[in-house]
Structure formats: C-alpha cells, structure tokens
A.B. asks: 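Quick one: the structure is below, questions incoming.
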Amino acid sequence: MTLGKVVGTVVASQKEATLEGLRLLLVRACDFDGKPSGSAVVAADAVGAGIGEVVLYAAGSSARQTTVTKDRPIDHTIMAIVDLIEVEGQSRYTKE
Amino acid sequence: MTLGKVVGTVVASQKEATLEGLRLLLVRACDFDGKPSGSAVVAADAVGAGIGEVVLYAAGSSARQTTVTKDRPIDHTIMAIVDLIEVEGQSRYTKE
Amino acid sequence: MTLGKVVGTVVASQKEATLEGLRLLLVRACDFDGKPSGSAVVAADAVGAGIGEVVLYAAGSSARQTTVTKDRPIDHTIMAIVDLIEVEGQSRYTKE
Amino acid sequence: MTLGKVVGTVVASQKEATLEGLRLLLVRACDFDGKPSGSAVVAADAVGAGIGEVVLYAAGSSARQTTVTKDRPIDHTIMAIVDLIEVEGQSRYTKE
Amino acid sequence: MTLGKVVGTVVASQKEATLEGLRLLLVRACDFDGKPSGSAVVAADAVGAGIGEVVLYAAGSSARQTTVTKDRPIDHTIMAIVDLIEVEGQSRYTKE
C-alpha cells in the first residue's frame with residue numbers, strides 16, 4: 001500500500017452504474033511525516049476516512065479485494081487510517 | 001481512478017475484433033483545476049464523455065469491470081464525468 | 001491503451017515455449033503527432049502491424065485478452081493500427 | 001520483485017477487516033549495496049523481516065500469492081530476506 | 001515485455017515457501033544496444049539466462065503465465081534470451 005493524505009472529494013453524477021454509492025476521495029501520496037509529496041489519485045473509501053487524515057491505499061486488482069469494492073471498476077481503495085508511523089525507532093507521525 | 005481531461009479521439013479501422021464498437025478517447029491526466037498536466041492515454045468510454053470534459057478513468061484490470069469493457073483488451077476506461085472537485089473545503093472545479 | 005510507434009523487431013530463439021509463434025515488435029510511446037517520445041516496450045502483435053506504423057497497445061492483464069495472447073506470458077500487445085488522431089478538433093496524425 | 005530496505009512500521013487500528021493480523025512494514029527501494037534510493041511502500045510481511053534488513057518484495061496481484069496475503073487487499077508483500085547480492089561477479093551486499 | 005540485461009544474482013535463504021527452487025536474477029532495463037539504462041528488478045528465470053545476456057522479461061500477472069512461475073508470488077520473469085535487436089532496418093544488438 002501507499003501512504004497518502006486525504007485532501008478532497010470528487011462528485012460525479014453521470015457514472016458507471018456500479019460506482020453508485022461509493023465515496024470517492026482525492027488522496028495525495030505523502031511522506032513519513034504525513035506531508036503530501038506526490039501525485040493524486042481518486043480512491044474509493046472502505047474505512048470512513050476524512051479530509052486531512054493520513055491513510056493507506058491499495059492500487060490495482062488489490063483495490064477490489066474488499067466487500068465494498070468487489071467486482072467494481074475501482075483501482076484505488078483506502079484500506080486503513082494511520083495512527084502511527086515509526087521510522088528507524090523514531091515516531092514520525094501520530095494521529096491527533 | 002485518475003482525474004483526466006478528454007482532449008481528442010483516435011480512429012483505428014484495423015484492430016482486434018473485440019475492440020469493435022468501443023469509442024476510444026484521448027485523455028490527459030489533469031490537476032484539481034481540470035487543467036491537463038500529465039501524459040495521455042487512450043481510454044474506452046463507458047459513460048458518454050465528450051471532448052473538454054473532466055472525467056475519472058480507471059486503469060489495469062479494473063478497466064474491464066464494466067458491461068461495456070468486460071473481457072475486452074482494454075486497460076483504461078472512463079468511468080465517470082466529474083461535476084465537482086473540492087480540495088480542503090474549496091471548490092476547485094465545477095462542470096459548466 | 002497507449003499510443004506507440006513500431007520501430008523495430010526482436011528475435012529470440014531460446015524462450016518460454018508459449019511464446020512460440022508470436023511476433024515481437026519494439027514499440028516506443030509516441031505523441032499526438034506520431035513522433036516517438038517515450039520509452040520502448042516489446043509487444044506481441046495481434047493485428048499485423050508494420051515498422052513505422054502508429055499503433056495502440058495495451059499493457060498488463062489486458063494484453064492477454066486476445067485469442068493470440070490468451071494465457072501467454074505477454075504484458076504488452078498491439079491491439080490496433082491508428083488511422084487518425086484528432087485533438088481539440090484538429091487532425092494531428094493521419095495514416096498515409 | 002524489487003530490492004528494498006525495511007525502514008519502519010505503520011500502525012492502523014481503523015482498517016479493512018481482512019487486514020487484521022497482518023504486520024505492515026515501511027520499505028524503501030534500495031540499490032545493489034542495500035542503500036535506500038527510492039520511494040517507500042507499505043508492505044505486508046510474509047517472512048518475519050526486521051527493521052534494517054534488505055528484502056525482496058513483490059507488487060500487484062503477485063503480492064497476494066502467499067498463504068498470509070491470499071484474497072486480502074494487499075498490493076506489496078515482503079517475500080524474502082536477502083543474504084547476498086552479487087553483481088558482475090562481485091559481492092555488493094552481505095547480510096551481517 | 002521489457003529489454004533487460006542480466007547483471008547479477010540474489011541469494012535469500014529465508015523466504016516464502018513457494019519461492020523455493022526458483023533462480024532469482026538481477027536484471028537492469030537496457031537500451032536497443034543492450035546497454036543497461038534503467039532501474040533494476042529481481043526476476044525469476046524461466047529460460048536459463050546467464051550473467052551478461054540481454055533478455056526479455058514480463059511484469060505483473062503475465063510473469064506468472066509459465067509452468068515455472070504459475071501461482072507463485074513472482075512479478076517479473078525472464079521469458080527469452082535475445083539473439084537480435086533490429087531498429088529501423090539496422091541491427092543494433094547481436095548475441096555473440
């Protein structure tokens with residue numbers, strides 16, 4: 001998975017029928033400190049993530065291995081909300 | 001999925017038989033304001049998107065999880081037409 | 001799919017048995033004008049493409065969704081020969 | 001697979017149910033000498049890897065081909081702990 | 001597939017059980033002349049490739065479509081040893 005920060009939302013009324021009911025969030029890849037540092041993807045939310053939270057998202061066919069996204073045309077899914085990132089024994093990010 | 005802007009079309013008469021009948025659109029990755037900012041892909045259209053529209057497209061095996069693209073050799077599919085992009089509480093793109 | 005230009009061929013006598021009989025072409029990603037602009041891949045040919053032609057190729061598991069490549073260890077397949085590329089209402093490439 | 005160095009851990013209490021019980025490690029791509037040189041991913045651990053070890057990790061659907069990760073939404077898995085890297089006849093990395 | 005040059009080997013005694021018996025080679029992406037030009041991957045060998053040889057390797061789920069790698073957690077497999085690379089009518093690489 002990839003570390004990302006939820007930065008926004010996307011609304012789309014005209015869409016593939018099987019996307020109906022999914023929450024679509026804008027997520028930017030982030031560094032160990034939780035600062036956005038990379039490109040953005042639009043991910044389905046499987047865990048109730050909110051704007052500003054640091055999350056883990058999976059890409060590719062792995063993004064469909066949840067009850068929420070199974071058989072849906074989703075290639076990125078938020079799988080977890082990060083509590084703590086520890087690098088070489090030091091805490092780098094802690095959820096407030 | 002990835003935010004993209006539909007910028008053109010591709011016509012190909014000599015092709016894999018299972019591509020017959022699919023509409024193939026040129027899509028460039030775009031930023032939160034809907035401005036093209038990245039490389040281009042050729043995507044199948046599952047939602048009736050038009051030139052100039054900001055869309056969401058899926059890549060990889062997820063691109064085949066629609067009735068239009070199932071079992072076809074398609075690796076990018078336009079899944080939704082974007083109405084609104086909101087980043088950190090601010091509207092960044094609104095469909096006209 | 002990705003726009004590419006066929007630039008060469010690869011010959012390999014010692015290979016996985018299931019690659020036998022496939023034509024392997026060197027394809028470089030190209031821009032809207034058909035000029036090579038990116039990196040090269042070795043793709044199986046499903047449509048009889050020739051050197052110098054602008055083509056569409058699919059990557060990943062989608063590359064195996066043809067009768068020619070099914071169940072074979074192929075990750076890039078040429079799916080179509082491009083006749084016309086039109087960007088924002090202007091013709092950018094026409095097959096001669 | 002990709003050469004990587006385990007640099008840290010990620011803790012997430014709110015997550016997809018099927019991630020329960022998996023150990024999630026931060027892995028940075030590394031060079032032939034075992035020095036981190038690239039971007040980081042969060043990988044499931046299938047072999048009991050520890051911080052500072054050089055490992056091999058698989059990405060995509062291949063990451064789910066283990067008994068630990070089967071059918072789980074995992075797109076990167078640590079598959080081996082590296083003992084030795086030899087390049088052009090010279091030893092470049094040896095596990096201590 | 002991708003053109004690569006075999007540059008080394010990786011030894012790992014502690015690993016996923018299903019990797020047992022696979023030969024793991026370091027492969028760097030190479031240009032049309034067979035010169036290493038890109039990043040390195042660790043690939044399973046399906047054809048008996050040796051150090052210094054120019055090969056074709058497949059990535060992703062395609063890497064598992066061989067009898068050697070089927071159902072194993074492998075995301076890169078060497079599928080062929082290159083004899084000849086010809087670009088725009090000129091021979092660029094010939095196996096010695």
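Each chain gets a letter, A, B and so on, in the order the sequences are listed, and its residues count up from 1. For clarity, every value in this text was computed on a predicted model and none was experimentally measured.
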A.B. asks: Test A:Leu19 against B:Met79 for side chain to side chain contact (heavy atoms under 4.5 Å, CB included), laying out the working first.
C.D. replies: CA-CA 8 Å; A:Leu19 288 180; B:Met79 298 294 180; 3.8 Å; yes
A.B. asks: By a 4.5 Å heavy-atom criterion (distance strictly below it), what part of A:Ile74 contacts chain B: side chain, backbone, both, or neither?
C.D. replies: both
A.B. asks: I need the single residue from B:Val87, B:Leu84, B:Leu56 that forms a side-chain contact (heavy atoms from CB on, under 4.5 Å) with A:Val10. Which is it?
C.D. replies: B:Leu56
A.B. asks: Could you have a look at B:Ile85, B:Val47, B:Thr77, B:Thr2 and say which one has the most heavy-atom pairs with chain A under 4.5 angstrom?
C.D. replies: B:Val47
A.B. asks: Does the side chain of A:Arg64 reach to within under 4.5 Å of the side chain of B:Ser61, using non-hydrogen atoms?
C.D. replies: yes
A.B. asks: At a heavy-atom distance under 4.5 Å, which candidate from B:Glu86, B:Arg92, B:Gln90 has the highest pair count against chain A?
C.D. replies: B:Glu86
A.B. asks: For B:Phe32 versus A:Leu26, what's the shortest heavy-atom pair and its separation?
C.D. replies: CE2-CD2, 3.7 Å
A.B. asks: Step by step, would you call B:Leu3 with A:Val42 a side chain to side chain contact (heavy atoms under 4.5 Å, CB included)?
C.D. replies: CA-CA 7 Å; B:Leu3 285 169; A:Val42 177; 4.1 Å; yes
A.B. asks: Of the backbone (N, CA, C, O) and the side chain (C-beta and beyond), which part of B:Ala59 lies under 4.5 Å from a heavy atom of chain A, both, or neither?
C.D. replies: both
A.B. asks: At what distance, to the nearest 0.5 angstrom, does NZ of A:Lys70 lie from CD of B:Gln65?
C.D. replies: 9.5 Å
A.B. asks: Quick one about A:Arg72 and B:Ser62 (side-chain donor to acceptor, distance below 3.5 Å, no hydrogens or angles considered), yes or no?
C.D. replies: no
A.B. asks: In Å, rounded to the nearest 0.5 Å, how long is the span from OG1 of A:Thr9 to CD of B:Glu88?
C.D. replies: 11.0 Å
A.B. asks: For a side chain to side chain contact (heavy atoms under 4.5 Å, CB included) check, start with the C-alpha distance between A:Leu24 and B:Met1, then their side-chain angles and the critical distance, and finish with the verdict.
C.D. replies: CA-CA 9 Å; A:Leu24 300 177; B:Met1 292 180 288; 3.9 Å; yes
A.B. asks: Atom OG1 of B:Thr67 and atom CD of A:Glu16: how far apart are they, to the nearest 0.5 Å?
C.D. replies: 5.5 Å
A.B. asks: Is the shortest heavy-atom distance from the side chain of B:Thr66 to the side chain of A:Thr18 under 4.5 Å?
C.D. replies: no
A.B. asks: Answer with side chain, backbone, both or neither: which region of B:Tyr93 has an atom nearer than 4.5 Å to a non-hydrogen atom of chain A?
C.D. replies: neither
A.B. asks: Out of curiosity, B:Lys95 NZ to A:Ser13 OG, how far, rounded to the nearest 0.5 Å?
C.D. replies: 7.0 Å
